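Small disclaimer: the values here were computed from a predicted structure and weren't measured.
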Amino acid sequence: MAAGVQSNPFASSRKSGNRLKNNLFTGLVWTVGICTIIFIIGLLFLILEKGMPKLSIDFLLGLPDEIMEGGGIGPALFNSFYVLIISLVISVPLGMAAGIYLSEFAPDNKFIGFLRVCVEGLASVPSIIFGLFGIVLFVEAFDVGLTIIGGAVSLAFLNLPVLTRVTEEAIRAVPQEMKHASFALGGTHLQTIRRVLIPVALNGIITGICLVAGRAFGESAVIILTAGVTTSGVMWDFNLLSPGETLAVHLWYVQSEAIVPDAVEIAEKSAAVLVFIVLMINLLFRIPLWLNARKTR
Amino acid sequence: MQAPTQTQALIEIDKLNLYYGTFHALKNVSMEIPEKAITAFIGPSGCGKSTLLRTLNRMNDMIAGTRIEGKIAIGGADIYSKEVDVETLRKKVGMVFQQPNPFPKSIYDNVAYGPRLHGITGRKQLDEIVETSLRSAALWEEVKDYLKRSALSLSGGQQQRLCIARALAVEPDVLLMDEATSALDPISTLKIEELAQELKDRYTIVMVTHNMHQAARVSNQTVFFLNGEVVEYAETEKLFSTPRDQRTEDYISGRFG
Amino acid sequence: MQAPTQTQALIEIDKLNLYYGTFHALKNVSMEIPEKAITAFIGPSGCGKSTLLRTLNRMNDMIAGTRIEGKIAIGGADIYSKEVDVETLRKKVGMVFQQPNPFPKSIYDNVAYGPRLHGITGRKQLDEIVETSLRSAALWEEVKDYLKRSALSLSGGQQQRLCIARALAVEPDVLLMDEATSALDPISTLKIEELAQELKDRYTIVMVTHNMHQAARVSNQTVFFLNGEVVEYAETEKLFSTPRDQRTEDYISGRFG
Amino acid sequence: VPVASAAASKLSGKIVVNGSSALLPLTLQAAKEFKKANPKVKISASAAGSVTGPQSVRKGIADIGAVDWDASTDVPGFKKFEGQVAHKVAVIPFAAVVNKGVGVDNLTTQQLQDIFSGKVKNWKEVGGSDASIVVVNRAFGSGTRVNFQMKALDGTDFMSKGDNYKEVKSSGDMKTAVETTPNAIGYIDLVYVTSKMKALKINDVAPTEANVINGKYKVWGYGYYMTKGQPTGATKAFIEYIQSKEFQNGSLKKLKFIPISAMK
Amino acid sequence: MSAPASAAAKELGTSLKTNSGSTFGRRARLAFYNRTFKTICVVCAVFVCIILFSILFLMGRTGILTFQYVSPLEFFFSTEWVPENEQYGAFVFIFGTFALTALTMLIAMPLSILIAVFLAEVTPPWLRAMLRPVLDLLVGIPSVVYGFLGMTLLIPLLRDVTGTTMGDGLLAAAIVLTIMVLPTISRISDDAITAVPKKYRDASYALGGNRFQTTFKVVLPAARSGIMYAGILGMARAIGETMAVVMVIGNTPQLANSLLKPTSVLTSNIVMQIANVPFDSTWNYALYLMGFLLLVISLLMIVLIRFMQRKGVQR
Ligand SMILES: Nc1ncnc2c1ncn2[C@@H]1O[C@H](COP(=O)(O)OP(=O)(O)OP(=O)(O)O)[C@@H](O)[C@H]1O
Ligand SMILES: Nc1ncnc2c1ncn2[C@@H]1O[C@H](COP(=O)(O)OP(=O)(O)OP(=O)(O)O)[C@@H](O)[C@H]1O
Ligand SMILES: [Mg+2]
Ligand SMILES: [Mg+2]
Ligand SMILES: O=P([O-])([O-])[O-]
């Protein structure tokens, strides 16, 4: 037994500014974290509280009305999903493939570096410019007018750069050893990407898709210019060449121009629906991750 | 089951039980680890050597779901008591890991990291610490011209020696080594072993090793684990020459060389 | 400097030079690696053992800036020629790495990964392969009830054995082991060594090791490297008993135990 | 000459309407009713701003350009669009509005000119309490702005900068801004005036539908549909529908626009 | 020099060659897939580039026409933007864009990093699992809603707190933008921090480092590239955001010498005016040029950040 030391030698010996800093830091992080949580909850409450209780099936599936109270958002809601799905179907494979190219195949030279910067730059182009681009492409060049497909493709273009870079980063973050293990077993590059890199990078990629899907769902400027502010006026219209007002656009319209007496209420309800659906999308995309995590437990 | 130690016990472990969730990883472990000597933990893979080692500097604290019962005292002080400052404990009880884990920084910054944490900022003083530590870890000659290079550019063996240098740089009282030489070539291993011999005059060293020869060659006292239990615990010579337990004998006779 | 091999040469390395950018890592290396035997590479840390090993399954291809001169033929086929399919080469020439690198998948999926790559999908067949491979790697008993658990939850030693099982699962002709046992305890090491002895009747094995006893105990032929050059290259017994080169002698006399 | 009703149901085609956002509710309602009678006609509408209407028509990417002024003539800031035909579709009254807290009820044309040009900066100069005036303006190119400038300010210029001056993008934003900003003044379609703001009398004339019709209140304009030359087919039928008595006295009134027939 | 190879060895040798062996069909197929996949990836990357360059071309082509009527000197350095009088000075907007972006990043970066640290290092797992999707949710709230809340809640609040008459301006816009980019930056940083290998943390803790030291000296530097990238993406979003900014910044073409003065930035000016000017007017060209400029500015900022990052790594 060592000499009868009374005081504990490991009790914080140094007067320790470090310790103070650590406590301050931990406190700060917790404060910021809690404030963020409160803020988000407050914001959600603010948006959902007014709209959610008044929601009804009639509102969700009904047709909008310009004169009478009680109009619904059916076609716009439907278009929102339709446009979102089409745009994801286009942008996710394209963006992922481009991201995989940048992380796995691209030579490490100046030109690719330049390209990478360009892709990031593209992410900063305001959506209205994608809207103008969409007009040039669909309304002027292809002359299809204001359509769902035009809106969806323009939206896909808008999301492409983010998806590309997120995929690239996520795949880059996969440890080299895993890649080597797969190659050493005789895996082709494609197999390695498909079976190791993408599954391991999935978390990051899904985060990217969630970000993009949320943004697409709430985007209005692009849709106003390329898909218009009208719907075909009937439910379940799958025609790609129909005009494609989405819920976010409808919200914008109701907020800025509509004359109906219950415009404010419609806006509140639409905002609540939008936010609620984005929350659902986020959860939905996470299910595969969650299952994956459970499977390897 | 008390080991007759010549020196005084620095670390006393008393009826230690450790659970990872529901998994009982250490079962009723009691032992004394003598001061200024080398104690080796041996035993098959998964028997809990690393786990016990990590309890000594409370690195297990960070694994969620870990539960500890029993007592560990270093120099008479219960290291799991409330008044213990974990950072000070870990400064006093250094550790080298099984896998080399240098920071993605320069070689210099890796070694200087610990001293800087503890408030040493003088360039000269740091330079000195870095050189001494790297020399102690038998790495100085190889890297002295490349101190600004990334530590990740070193080979596996060099990286592990760097980690040892890094641990030495904070001048710990106790040094825990978790198979620290398993990634080293014989020459470097030999150097580290010699170093350990040297250091034990000043430090208390606890090493986990798979290499029974290393244990036999280097340590003063050896502890043999099986499935989270201490099977035998004795002076090294005694344990290897006349094991009391059949399981110990079986295990060490599986040796070779 | 020709090694008198009893068996026939499977791998012929001829005037191999390898550069990492401007760093000359392998210098004019020539040797023959016999079929169905174990060849050990020894040498101090950083001498190029791993590098040479990786040229044998062309894993160096993936390191940008690597340049190779000279020729390596396996079974008479130049593995750097255009007509060689790298994936097939790597299937036939399996590899176990210095650091355990299991995928973040279940234990089962880790072992089944290779067979699946090569088109085996039958559940029964896979089950069989997984069991055989895990048994071969002396891991089956420990994990058979947890096949669905994440491989990352295993201890270091267990992880490395899993990686060996994974490599065996694609039934390679040649097995490259880069200090594959350095993270294992003696019992597992012994098992792996025994396994290697068994496997050499069917496979050609090349192992890098820091443990000279392992080389002496297990291998038929030993190659000693220094600074990217082959210093000596002979039957294991001969090399350890009567080294021709002074440097070899210096190195192996640094051994212990 | 085909019989109107019989021909109408057989009509088919695509109509794209672009332009003024103020006319959008009208267009949407008319489109809805028109489509009911003519299911084979597709109508899509977008609204980015008045001038986009005739411009899109000229480019050929819209069949109808909705605009708050007669784009076949010159107006302040915009040249006339050659070869386009203007069709009146509605009468739109505009009102100068202030925040509820402003104590002023009436302004003369001169006072309006001074306030919107930035010459008068404090409410007390026009009979209110002592507080800085916050001027909220619509962006250049807004039909509302063009009309207000022509009819209420007699064509004088707006201010374009200042510490208490801002521009908003749409009628909805104007409404929100005036409602929530103390001491704010702006202008808006009469339709959007809510109980949370106050519509000012101009030269002692209240902005009411009756005063517009009887000619006392001058600040109003026609809403127009522009077409390239004379319209044909579905476009023609749609414009005819929107000008029909049935629509003008029905839905259009309900939307609080004034029928064109009401004006002499 | 070599002994004759055994039959088995020869077999192995031949089997290594392509076009041999029983699995030839499968191998060829795999090789084909592999090649095809690579080609697809290349095509996609090229496609992304084509879009990028078409947009650059679209804006550049129209924008460049501005200089037929306006001297570059006036465009870049004059503060007079009165298109009705043929005055096309864009300095106010350029300055505003830089100022707004800088201000936003100044608030958003530290906050996001703290949130990311909170998520990745501090929170218990259950809270983390809940918070991540909720943070992502903030991205999905439509810009118009943010703008509306900014107009109806934030600006009155700013008015009350600071005592200004209006409240519109850079500060309001920066706060709204901060909220909008917060999830982007903090979630991607969170992923980057989570990806830092545990062994680095272990090493630091074992040396006696506390959480503060470990986070700042090891974890954040190791995650630097990811955080940097998160910042770039967030900045890009901040530069390009329009619908919300336009509702709170005031849209007055005057130099913002105070955080609370109505002003205008490139995006808000574009979105306010582009729909309302004649297609073939100098005004329209100038707006396109501003769009082009916006892209160039963000490219420059990105290059700058990358440059600084590279310098950081060399150390
Ligand atoms: N974080 C953890 N959670 C759950 N179980 C764990 C954890 N870490 C280790 N274990 C389990 O505890 C047991 C002891 O692990 P430990 O790492 O101490 O073994 P070891 O003796 O060091 O083995 P090796 O020689 O392979 O390093 C093993 O069965 C291991 O699977
Ligand atoms: N990717 C690389 N780029 C540049 N140099 C490298 C690279 N990999 C290894 N080297 C260098 O090449 C030399 C040989 O490395 P190698 O990994 O083959 O050594 P080794 O003999 O396996 O050492 P150890 O026993 O420590 O694993 C070393 O000096 C190393 O620093
Ligand atoms: Mg261990
Ligand atoms: Mg090596
Ligand atoms: O109808 P506006 O042109 O003013 O939107």
Atom group of [X] that falls short of 4.5 Å from chain E, counting heavy atoms:
{"X": "D/K59", "value": "side chain"}
{"X": "D/A131", "value": "neither"}
{"X": "D/R58", "value": "side chain"}

Is any side-chain heavy atom of [X] closer than 4.5 Å to a side-chain heavy atom of [Y]?
{"X": "D/T176", "Y": "E/M151", "answer": "yes"}
{"X": "E/P278", "Y": "D/F78", "answer": "yes"}
{"X": "D/K161", "Y": "E/E80", "answer": "yes"}

Pairs of heavy atoms under 4.5 Å with chain E: top-ranked of [options]:
{"options": "D/S132, D/S50, D/P182", "answer": "D/P182"}
{"options": "D/T180, D/D173, D/N183", "answer": "D/D173"}
{"options": "D/S160, D/G162, D/S170", "answer": "D/G162"}

Could you check whether atom [atom1] of [X] has more than 12 heavy atoms from other residues, nucleotides or ligands sitting under 6.0 Å from it?
{"X": "D/K256", "atom1": "NZ", "answer": "no"}
{"X": "E/F77", "atom1": "CZ", "answer": "no"}
{"X": "E/F76", "atom1": "CZ", "answer": "yes"}

Which heavy atom in [X] sits nearest to a heavy atom in [Y], and how many Å separate them?
{"X": "E/V277", "Y": "D/Q55", "result": "O-NE2, 2.8 Å"}
{"X": "D/K169", "Y": "E/V246", "result": "CD-CG1, 4.0 Å"}
{"X": "D/F140", "Y": "E/E84", "result": "CD1-OE2, 3.6 Å"}

Looking at [atom1] of [X] and [atom2] of [Y], how far apart are the two atoms once the value is rounded to the nearest 0.5 Å?
{"X": "D/K166", "Y": "E/S264", "atom1": "NZ", "atom2": "OG", "result": "12.0 Å"}
{"X": "D/D163", "Y": "E/L260", "atom1": "CG", "atom2": "CG", "result": "11.0 Å"}
{"X": "E/I155", "Y": "D/T181", "atom1": "CD1", "atom2": "OG1", "result": "7.5 Å"}
{"X": "D/N164", "Y": "E/D168", "atom1": "CG", "atom2": "CG", "result": "10.0 Å"}

Can any side-chain N or O of D/E179 pair as donor or acceptor with the backbone N or O of E/T152 at less than 3.5 Å?
no

Options E/K261, E/Q273, E/R159, E/M247, ranked by heavy-atom pairs under 4.5 Å with chain D, top entry
E/R159

